Amino acid sequence: MNIAKVIVDVPASSINQTFDYYIPDKFIDILEPGMRVIVPFGPRKIMGFVVGFVSESTFDKLKEIVDVLDITPVLTKELLELGKWVANETLSLSIIALQAMLPQVLKSTYKKELVKKTDLDLPVELEYLFAGRDIVPFEAFEQSNISYNKLQKVIQAGDVTIDYLVKSKITKKQITMVKPAKDSHLLEEALVDLSKAAKKQKQLVDFFIQKEEPIEQKRLLTILQTTTSTLKTLEEKGLIETYKQEVFRNPYNDDRFERTYPLELTDEQRGALNPIKESIEKEKHEVFLLHGVTGSGKTEVYLQAIQEVINKGKEAIVLVPEISLTPMMVRRFKGRFGSNVAVMHSALSAGEKYDEWRRIHQKEVKVVVGARSAVFAPFENLGIIIIDEEHETTYKQEDQPKYHARDVAIHRAENYNCPVILGSATPTLESYARATKNVYTLATLSKRTNDMPMPHVEIVDMRNELHVGNRTMFSRKLVEGMKERLKKNEQIVLLLNRRGYSTFVMCRDCGHVNECPHCDIALTYHKNSNRLKCHYCSYEENVPVNCPECSSDLIRYFGTGTQKVEEALTEIIPEATVIRMDVDTTRKKGSHEKILKQFAEKKADILLGTQMIAKGLDFGNVTLVGVLTADSMLHLPDFRSSEKTFQLLTQVSGRAGRHKLTGEVIVQTYTPEHYSIQLASVYNFSDFYKTEMAMRRKFRYPPYYFLALITISHENKVKVIQTSQKIVGLLMNKISQTTVVLGPTPSPIPRIKDRYRYQCMIKYRNEPQLRMYLNKIKEQFADEMRKENLLISIDMQPYHLM
DNA sequence: AGCACGCCGACT
DNA sequence: GTCGGCGTGCTC
């Protein structure tokens, strides 16, 4: 077994296979599958993952592994298997699947250097380039105007070589520690010798006489109110020593969290928890769908289930949507399990993420709370996986590998014979359908733990507002409600459901809309820079003064941004203070938290924001929630738009009246009769489920059918259409009778970055060979994809149909 | 992907 | 002859 099978770091379909390498003797005892290695690949050196060992290879001229990057495998055997499964399931490259399971810093970067190998002089230009050095970065050559032939000559002569370096960008944080260099009685002697003026030095020596342990330099300096110069002098005198020590960055100071204890469960909660406990106890894989209204105490069920898992010496993964990974959520888990919790989300720096990952890898924690990718946490004794807000679309990764965390979670849990909990107030139709068919076990929490009723929801027909001459974006009912709350010193949350809308510029005379010259999409108006920007490429331009079509100067801004709403709001209710929360105001790290804190401290009357305010907020003083445009995403070309609308309205309604005060919700809409708005307003999930299921069945959508979306793109429109038609033709020959292939049709955004985009949708019920067919099709076009820059992207079970 | 190699046309 | 551009095939 002296040959390693390696997946190399080259994301190309022709390289999507293992490569064999000899293992040098010095590595034979230490190398394990799951470790990263550096291997020669053609003329260069690249990183690769060892996935297995063999004693013979079909390939006869093997090279040797150059170096081993890890002491312990970064990928466990299970994760290697999982990677294979993910790659297969999502039709992505193995290397992409493996990289997705690790923190960014473990990715390798590559660098080339020119090395001078002779003492003799090179041709003048090259001598000038080296400028006396033996090694120069390759970029220096590229930036010079020396011809490649010149370089080639000296390389062929052996006077210069190209070194291909593999760099791992691991960053370990180090702190400086200080410790006494001598025994305390020797220090006491030294103390006498110090000059009287050296007050600080004396203090410092005295400090170490009292306490002989090492201390962090930064802390020492604050305690003694001195600077590094004092330390330096004493170090030179040989009384103290400083040294560097590696530390884990802890983005959360664990002492900060107040310890919490298990709460008494309601009957409903107990009813939900018991079968989960049983599944943990019997080590039986089972998926639980925990359908609980907002405020029904789902989290407490999670916490107690996790406690059970920890008691058994096992580990837990908790997935939450990125957006609700708020300090509040973290506090609940840290408060219960203390330093046993690692937290993984995008607001952490790359180094912090790596540290949290290492704490898991080194088995220092038992619980991970994190966003989508935390589903790959390198635990080896998993006892439960919990997915909170199961319906959130962020669980589906948009770029390669296009996996769904729910599927990965269930697959892993099967391996470990452990339960999965899917929790939501508004489960996806997919999950709920499985629960009704007893594939999943359903547990319902229908009551809020505080026994408060759900707030009353009032639907306001905005068409009537127009009829009576109200042209603002606030209905009379909403304005009245807000004024009333202000009088009572209560707070208000306003949701601007902006998805599908953005501010664009339109000419009122001829209706001309400024579009991106490279993408078929309207440019978005950005107020702070007063420019028009494209959201799909980097194009931007100034706002025109006159219409480029008809030269009219009647240019108007359309669509509604939070900024605009805020302005309108201050006009109507000038006495109200407003805090805005959207992508613009939360871009900076920690600003999310800051805004919520301000609002919690009642520094403002109204919190105005986009989707992100719909989740996880819990303010006792909020008694009115207003939804400005409930139907703005109802008309998007997405078969899930009704479901998404229902989910959003239900979620946001849960924000009002969380505590003692009763809440009210006002929903403004132009389509008040729509079932998703009607049923959300009376919290009727089961009727919504039935109605929507009937629609899905009729139009052959999930959960009745599975989907695969193929997107074809190329600079040449004709090429795209031809290729798309060819692909559909090929598919038609293979698929079964019940499978439907739609298209090819232009994508909802027909052109991005000067590339035309066509798509076809496959709807299927039972097509066990589909992945194989699709792979074959991709293979057939591999040549064209490479040579002509044709792109074929396949998304299994897509969420974004763009 | 990224690199080398080889062929070709253009330029001095 | 020398230079740069592009198509092609290979990577254990």
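Just the heavy atoms: all of them, side chains too, but no hydrogens, waters or symmetry mates, feed the values below. Chain naming here is simple, since letters A, B, ... match the order of the sequence lines and numbering starts at 1 in each. Here the structure is a predicted model, which is why all the values come from computation and not from measurement.
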May I ask you to verify if any side-chain N or O of A:Asn149 is less than 4.0 angstrom from the OP1 or OP2 atom of C:dT2?
no

Cut-off 3.5 Å, no hydrogens considered: what does the side-chain donor-acceptor table look like for residues 718-727 of chain A, sequence neighbours left out?
unit_1	atom_1	unit_2	atom_2	d
A:Lys719	NZ	A:Glu784	OE1	2.5
A:Thr723	OG1	A:Lys719	O	2.6
A:Ser724	OG	A:Val720	O	2.5

Enumerate the protein-to-nucleotides 9-11 of chain C contacts in which both atoms are nitrogen or oxygen and the separation is below 3.5 Å.
unit_1	atom_1	unit_2	atom_2	d
C:dG9	O6	A:Arg786	NH2	2.7
C:dC10	N4	A:Arg786	NH2	3.4
C:dT11	O3'	A:Gly42	N	2.9

Please list each protein N or O that sits under 3.5 Å from an N or O in nucleotides 4-8 of chain B, with the distance.
unit_1	atom_1	unit_2	atom_2	d
B:dA4	OP1	A:Tyr164	OH	3.1
B:dA4	OP2	A:Tyr148	OH	3.3

Residue pairs passing the salt bridge (Lys or Arg N to Asp or Glu O under 4.0 Å) test where at least one lies in residues 790-802 of chain A, sequence neighbours excluded:
A:Lys396-A:Asp795

Measure from NZ or CZ of A:Lys753 to the centre of the six-membered ring of A:Tyr536 and say whether it is under 6.0 Å with the direction within 45° of the ring axis.
no

Heavy atoms only, 4.0 Å cut-off, all strands: where does A:Lys45 land among base, sugar-phosphate and nothing?
nothing

Should we count OH of A:Tyr128 as having more than 12 external heavy atoms under 6.0 Å?
no

To the nearest angstrom, the CG-C1' distance between A:Asn16 and B:dA1 comes to 13 Å

Quick one: do A:Arg406 and A:Glu392 make a salt bridge, cutoff under 4.0 Å?
no

To the nearest 0.5 angstrom, please state how far the NE2 atom of A:His361 sits from the CG atom of A:Leu75.
8.0 Å

Run the salt bridge (Lys or Arg N to Asp or Glu O under 4.0 Å) test against A:Glu64 and tell me which residues pass, sequence neighbours left out.
none

Is the centre of the A:Phe639 ring less than 6.0 Å from the centre of the A:Tyr705 ring?
no

Rounded to whole angstroms, how far apart are CG on A:Asn789 and C1' on B:dG2?
15 Å

Within the structure provided, determine whether A:Trp357 and A:Pro378 are in side-chain contact (heavy-atom separation under 4.5 Å).
yes

Considering only nitrogen or oxygen atoms on both sides, find all protein atoms under 3.5 Å from nucleotides 9-12 of chain B and state each distance.
none

